[in-house]
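Counting starts at 1 for both ligands and their atoms, following the listed order.
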Amino acid sequence: MLTQAPKGTRDMLPQDAYLWQWIEQKEREAAALAGYREVRTPVFEHTELFLRGVGDTTDIVQKEMYTFKDKGDRSITLKPEGTAGAVRSFIENHLFAETLPCKMYYLNAPIFRYENPQSGRLREHHQFGMECFGGKEPTVEAELISTLMGLLKGLGLKSLTVHINSIGCPQCRPRYHEALKAYLGDRIHDMCETCQARFEKNPLRILDCKEEKCKQIVQDAPVILDFLCDECREHFAQLQSLLAARNIPFSVDPHIVRGLDYYTKTVFEIIMQSGREGLALCGGGRYDGLVEQLGGPATPAAGFGIGAERILIELKNQNLLPPMPSTTDVYVANLGADMKIPAFGFTQALRDCGVKADCDVAGRSLKAQFKFADKIGAKYVAIVGGEEYERGVVKLRNMETKEEKEFPLDQAAEQIARTLQ
Ligand code: HAM
């Protein structure tokens, strides 16, 4: 137990850090191009936020939250998704009173869900998310989807299709609920207990059930697109025109309902091309009622979230991971115990000049130092000691060409830094 991470969690190891940083850099750039700025919200929030925000009939709230009482007897929950925290922050910090739209993104925020761990499904995962507050036009969703597709393309992922749907608004959804309930009729008694409980309270959720017998029953259920009010229908049509104008591959999928209750009008997902069938690479949509529902002024909003772990699976399966960069440009080898201090000093001088440098910390022989330098992929080895040191020079060996060059000790760090540039 002691040396085993909790089920469904993963370490990000030092040798993989460059991949995360590479993805994060691309995410920062993509978000900045569309005017989104970073937000960081706490890892935990009051449980009430998610009960009210995500919805008390969702799987996330009913089955998956990490909830506990703190020492002050408050009910606290580890963030099971990023949007509710962003909305809470938007309201609490009165961002609604500033110039709108307010565009924010979170970078690989840790998200916790008590799920059955399997490939691509973890109990702690990390989400990059973009949220836009104060834009009612479908241009917002088009911007989010465009940015997302640009990001994924920039990472090398191609041939992706975004699946879109509209799940209506509080005006038109009740009519759909009635139609769905009429369709289900007596068959609801053949469905799972969760679906039966959702029948009266939130029938749309039934479409999200993962149980095979329930999935079969809802297969031919009426679709919400046939029940949209004029405003929702027009909004959805405009979004499609905006995406088509940008040549973004999309398909209308009336079965997407998403697993969170706050969505209105647009919902969208991109499905992974590899790994477990049907797993979403990312998901998002519009949530025009959420800010008001959580106590803020009525503010239209939309956003998406994408899991870093799923991006990595997709990149790996498609052989798109970049090679690991070398950690060391110059390895400084010492020629004996009395050269340890000058070698350390020279290593630091190189670092001061912006060169990735390293030296022996294990008391290795010269031969072993060279072997180590080779193993870590150092491009050069600088040799400190011997008759060169007595002559006041440092020898630099190119590990690939084996070419050697001497530098005067007092200027060696600057000159090597310039050579490497
Ligand atoms: P979500 O669809 O629940 O939406 O999650 C978004 C993404 O997070 C998924 O598409 C997937 O990449 C990743 N993800 C979710 N659960 C797991 C898991 N157990 N293991 C690994 N990765 C996972 C939301 O969370 C919404 N807050 C998105 C949003 C933002 N909507 C509007 N704004």
task: Looking only at distances, please establish whether an N/O atom of ligand 1 is found under 3.5 Å from an N/O atom of E309.
output: no
- request: Please confirm whether Y262 comes within less than 3.5 Å of ligand 1 when only nitrogen or oxygen atoms on both sides are compared.
  value: yes
query: So is R123 close enough to ligand 1, meaning a heavy atom under 4.0 angstrom away?
result: no
message: Tell me whether the rings of F90 and F133 are parallel (<30°), tilted (30 to 60°) or perpendicular (>60°).
response: parallel
query: Non-hydrogen atoms of G284 versus ligand 1: any pair closer than 4.0 Å?
result: yes
- prompt: In terms of residue, atom name and distance, what is the protein heavy atom nearest to atom 4 (O) of ligand 1?
  reply: R258 NH2, 2.9 Å
task: Within a distance under 4.0 Å of any heavy atom of Y263, pick out the atoms of ligand 1 and give their elements.
output: 26 (C), 28 (C), 29 (C), 31 (N), 32 (C)
message: Heavy-atom contact check, 4.0 Å cutoff: does E131 meet ligand 1?
response: yes
statement: Nearest non-hydrogen protein atom to atom 14 (N) of ligand 1, with distance, is H125 NE2, 3.2 Å
query: Is the shortest N/O to N/O distance between F304 and ligand 1 below 3.5 Å?
result: yes
Polar contact flag for L281 and ligand 1 (N/O pairs, less than 3.5 Å): yes
- line: Among non-hydrogen protein atoms, atom 21 (C) of ligand 1 lies closest to G120 O, 3.2 Å
statement: Counting from 1 in the order shown, the ligand 1 atoms closer than 4.0 Å to a non-hydrogen atom of Q127 are 5 (O), 6 (C), 7 (C), 8 (O), 25 (O)
field: Residue pair Y36, Y105: steps toward the ring-ring contact (aromatic ring centres under 6.0 Å, His included) verdict
entry: CA-CA 6 Å; Y36 286 70; Y105 72 92; 7.7 Å; no
- request: Check each heavy atom of E269 against ligand 1 and say whether those closer than 4.0 Å belong to the side chain, the backbone, both or neither.
  value: neither
- request: Decide if atom NZ of K136 counts as having more than 12 heavy atoms of other residues, nucleotides or ligands within a radius under 6.0 Å.
  value: no
